[in-house]
Amino acid sequence: MDEIDLQPLRITGSWNVEWNLFYEADPTEETMHYLDASSLLHLTNYSLLRAINLDFRPENDVNGHFYLRVINLTEVVNPKTKKIDYDADWENLYFEFTSKNRIEIVKEIERLVREIPPFKG
């Protein structure tokens, strides 16, 4: 079987790609090894205080689905070092979307990186 490429995505410049294991692979018995990471894609935008995360659930299940989430971030300043870090609120998501269709997920990611408003928590 030929090697599958990473999924091309149109991501605006303000987003950081923290990791990308999102391949041009639709779920089949032959491609499930491309969908077996706990997180396929994670993007952050610190000026918007948002993160986008993509999973495939359940892992290694050809009948699973892509699970896309937008997570709110909160700035946290370390009182000793004054370094800024970010806490992710996985319990109170801004947005969730599931689909078995990889192309629908691509379109939704590309829409989100263009249209998502800042978090004002």
Side-chain angles (χ1 to χ4, degrees):
M1 184 170 149
D2 292 334
E3 187 69 22
I4 295 178
D5 292 330
L6 286 170
Q7 173 64 54
L9 295 168
R10 290 178 288 227
I11 306 294
T12 60
S14 57
W15 289 88
N16 299 301
V17 179
E18 303 296 337
W19 61 83
N20 184 3
L21 301 170
F22 184 27
Y23 289 90
E24 287 183 293
D26 294 312
T28 66
E29 293 296 335
E30 295 78 31
T31 61
M32 285 314 298
H33 63 283
Y34 287 100
L35 302 169
D36 65 356
S38 60
S39 181
L40 300 175
L41 177 71
H42 193 84
L43 309 171
T44 54
N45 185 317
Y46 297 111
S47 62
L48 296 178
L49 295 173
R50 304 280 193 182
I52 295 174
N53 187 269
L54 177 65
D55 300 328
F56 190 84
R57 293 185 178 185
E59 291 178 35
N60 297 314
D61 184 345
V62 72
N63 297 310
H65 61 273
F66 293 98
Y67 181 38
L68 182 64
R69 295 172 286 181
V70 175
I71 303 111
N72 299 316
L73 303 176
T74 305
E75 272 189 10
V76 178
V77 179
N78 182 312
K80 290 185 180 183
T81 65
K82 305 297 185 217
K83 182 179 180 258
I84 296 175
D85 202 359
Y86 298 87
D87 280 345
D89 186 354
W90 292 86
E91 300 300 316
N92 299 297
L93 300 173
Y94 171 74
F95 177 81
E96 292 178 272
F97 180 76
T98 62
S99 178
K100 292 182 176 282
N101 185 304
R102 175 178 50 86
I103 301 305
E104 280 184 353
I105 292 294
V106 168
K107 288 178 181 176
E108 197 60 25
I109 291 168
E110 291 178 347
R111 182 191 71 78
L112 286 167
V113 297
R114 287 189 321 270
E115 297 176 7
I116 197 166
F119 176 56
K120 299 188 188 320

- Co-membership, hydrophobic cluster, residues F97 and F22, 4.5 Å side-chain: yes
- If you draw a 6.0 Å radius around CD in E115, do more than 12 non-hydrogen atoms from other residues or ligands fall strictly inside? yes
- For R69 and N53, test the side chains for any donor-to-acceptor distance below 3.5 angstrom and give the result as yes or no. yes
- Item | Flag, side chain of T28 to backbone of T31, donor-acceptor distance under 3.5 Å | yes
- Query: Roughly how far apart are I103 CD1 and D26 CG, rounded to 0.5 Å?
  - Reply: 6.5 Å
- Task: Kindly indicate whether the side chain of V17, heavy atoms from C-beta on, has any atom under 4.5 Å from the side chain of L9.
- Result: no
- Taking the six-membered ring of F95, is the NZ or CZ of R111 close enough (under 6.0 Å from the centre) and on axis enough (within 45°)? yes
- Is the shortest heavy-atom distance from the side chain of L41 to the side chain of I109 under 4.5 Å? yes
- Query: Does the side chain of N16 reach to within under 4.5 Å of the side chain of N45, using non-hydrogen atoms?
  - Reply: no
- Tracing side-chain links under 4.5 Å among I, L, V, M, F, W and Y, which residues wind up in one group with Y86? Y46, L49, L73, V77, I84, F119
- Heavy-atom side-chain contact between I116 and Y94 under 4.5 Å: yes
- Message: Take a 6.0 Å sphere around NZ of K100 and say whether it holds more than 12 heavy atoms from other residues, nucleotides or ligands.
- Response: yes
- Are L112 and L40 co-members of a hydrophobic cluster defined by side-chain heavy atoms under 4.5 Å apart? yes
- Taking N72 for its side chain and N92 for its backbone only, find out whether a donor-acceptor pair lies under 3.5 Å. yes
- Task: Describe, in one word, how the ring planes of F66 and F56 are oriented to each other, choosing from parallel (under 30°), tilted (30 to 60°) and perpendicular (over 60°).
- Result: perpendicular
- Worked check of side chain to side chain contact (heavy atoms under 4.5 Å, CB included) between D85 and N78: CA-CA 8 Å; D85 202 359; N78 182 312; over 6 Å; no
- Message: As a quick check of understanding, evaluate side chain to side chain contact (heavy atoms under 4.5 Å, CB included) for H42 and I52, giving each step before the final call.
- Response: CA-CA 6 Å; H42 193 84; I52 295 174; over 6 Å; no
- Query: With side chains defined as the heavy atoms from C-beta onward, is the minimum distance between P27 and R102 less than 4.5 Å?
  - Reply: no
